[in-house]
Amino acid sequence: HILNAFISIPGGIEFTHHESAFYGPYNAILNLLFPASENFLITPQYLRSSEGLGHTNDHNVVFVVEHTQHRVPVFFLEVKHPDHYKTLAGRAQADKRMRLLFAEFAERVELEKLYGVSALGVQVGYYELEGVDGSIYPREIPYDGNYVTNVAPVNRWPYNILSEGGWNEVVRIAEAV
């Protein structure tokens, strides 16, 4: 049924005009992996783009998974339009946003690791924050203002959520939580 949620996106997954078309399918995935019956709560949070991450009137939706007993984040997912995957600038923006989100959640993390997923359409990449020392993986590639630097190579989003390998990886991460 998850595949059908993506197939039914108006315009198709590559040609839809709005990233919001992906919110329902990803919300369904998160509800399947983190059910309320197991004390998880999934909350979409509408965060303003800032720090040079788009226009100031843009909003980014981040799905935050919390454990209901502690109300601390255990997982999060940010969805961006598939066009972000196709360009250096789009991937750099998505990578920077994930790092800022870890900073946003870091003080509330009670786990050894906090996992985050960056979804650029159906291409997904996994990030993690080590709760012990605050390290973020994958490691940041430094920007060099004198050169065009690929700070977020396409291999940071190696999985297609609709493929068996992509689905298995997201299940693996969810089980680690």
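The first residue of the sequence shown is numbered 1, and numbering continues consecutively from there.
- By the 4.5 Å heavy-atom criterion applied to side chains, Val64 and Glu104 are not counted as neighbours.
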Would you sort out whether Arg91 and Leu88 count as a side chain to side chain contact (heavy atoms under 4.5 Å, CB included), showing the intermediate values?
CA-CA 5 Å; Arg91 291 190 308 274; Leu88 285 171; 3.4 Å; yes
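- Side-chain contact between Val79 and Phe63 is present, with at least one heavy-atom pair separated by less than 4.5 Å.
- One finds the NE2 atom of His81 at 7.5 Å from the NZ atom of Lys86 (value rounded to the nearest 0.5 Å).
- Distance check: Leu77 CG to Ile173 CD1 gives 12.0 Å after rounding to the nearest 0.5 Å.
- No path of Ile, Leu, Val, Met, Phe, Trp and Tyr side chains, each step under 4.5 Å between heavy atoms, connects Val117 with Val72, placing them in separate hydrophobic clusters.
- By the neighbour-count criterion of 12 heavy atoms within 6.0 Å, atom CD of Glu112 is sparsely surrounded, having that number or fewer from other residues, nucleotides or ligands.
- With a 4.5 Å cut-off on side-chain heavy atoms, Val151 and Glu140 do not count as touching.
- Under the 4.5 Å side-chain heavy-atom criterion for ILVMFWY residues, no single connected hydrophobic cluster contains both Ile141 and Leu120.
- Taken together through direct or relayed side-chain contacts under 4.5 Å among Ile, Leu, Val, Met, Phe, Trp and Tyr, Val124 and Leu32 form part of one hydrophobic cluster.
- Separation of atoms OG1 (Thr68) and CG (Leu41) is listed at 7.0 Å; rounding is to 0.5 Å.
- Considering CD1 of Ile161 and CZ of Phe6, their distance stands at 6.5 Å, rounded to 0.5 Å.
- A salt bridge does not link Lys80 to Glu19: none of the charged nitrogens lies less than 4.0 Å from a carboxylate oxygen.
- Residues Leu30 and Val65 share a closest heavy-atom pair of CD2-CG2, 4.4 Å.
- Once rounded to the nearest 0.5 Å, the distance linking OG of Ser118 with CD of Gln93 reads 10.0 Å.
- Phe40 has its side chain within reach of His67: a pair of non-hydrogen atoms, C-beta onward, lies under 4.5 Å apart.
- A heavy-atom distance below 4.5 Å is found between the side chains of Leu101 and Val62.
- No continuous path of hydrophobic side-chain contacts links Phe105 to Tyr137 [ILVMFWY only; heavy atoms under 4.5 Å].
- Under a hydrophobic-cluster definition in which Ile, Leu, Val, Met, Phe, Trp and Tyr are linked whenever side-chain heavy atoms come within less than 4.5 Å, directly or via other members, Ile136 and Tyr143 are assigned to different clusters.
- A salt bridge does not link Arg172 with Glu175: none of the charged nitrogens is closer than 4.0 Å to a carboxylate oxygen.
- Ring-plane geometry between Phe75 and Phe34 is classed as tilted, the angle between the planes lying from 30 to 60 degrees on a 0 to 90 degree scale.
- Atom CD of Glu78 sits about 7.0 Å away from atom CE of Met98, to the nearest 0.5 Å.
- For the side-chain hydrogen bond (donor to acceptor under 3.5 Å, both in side chains) condition, the pairs that include at least one residue of residues 25-38, sequence neighbours left out, are Asn27-Asn31.
- For the residue pair Tyr127/Asp95, the side-chain donor-acceptor check at 3.5 Å is satisfied.
- For the pair Phe102 and Gly116, the tightest heavy-atom approach, listed with the atom from each and the gap, is CZ-N, 3.9 Å.
- For the pair Leu33/Val170, a side-chain contact is recorded, criterion being any heavy-atom separation below 4.5 Å from C-beta on.
- Nearest heavy-atom pair across Gly125 and Pro158 is CA-CD, 4.3 Å.
- Relative orientation of the Trp157 and Tyr85 rings is perpendicular, given thresholds of 30° and 60° on the angle between their planes.
- A heavy-atom distance below 4.5 Å is not found between the side chains of Glu169 and Trp167.
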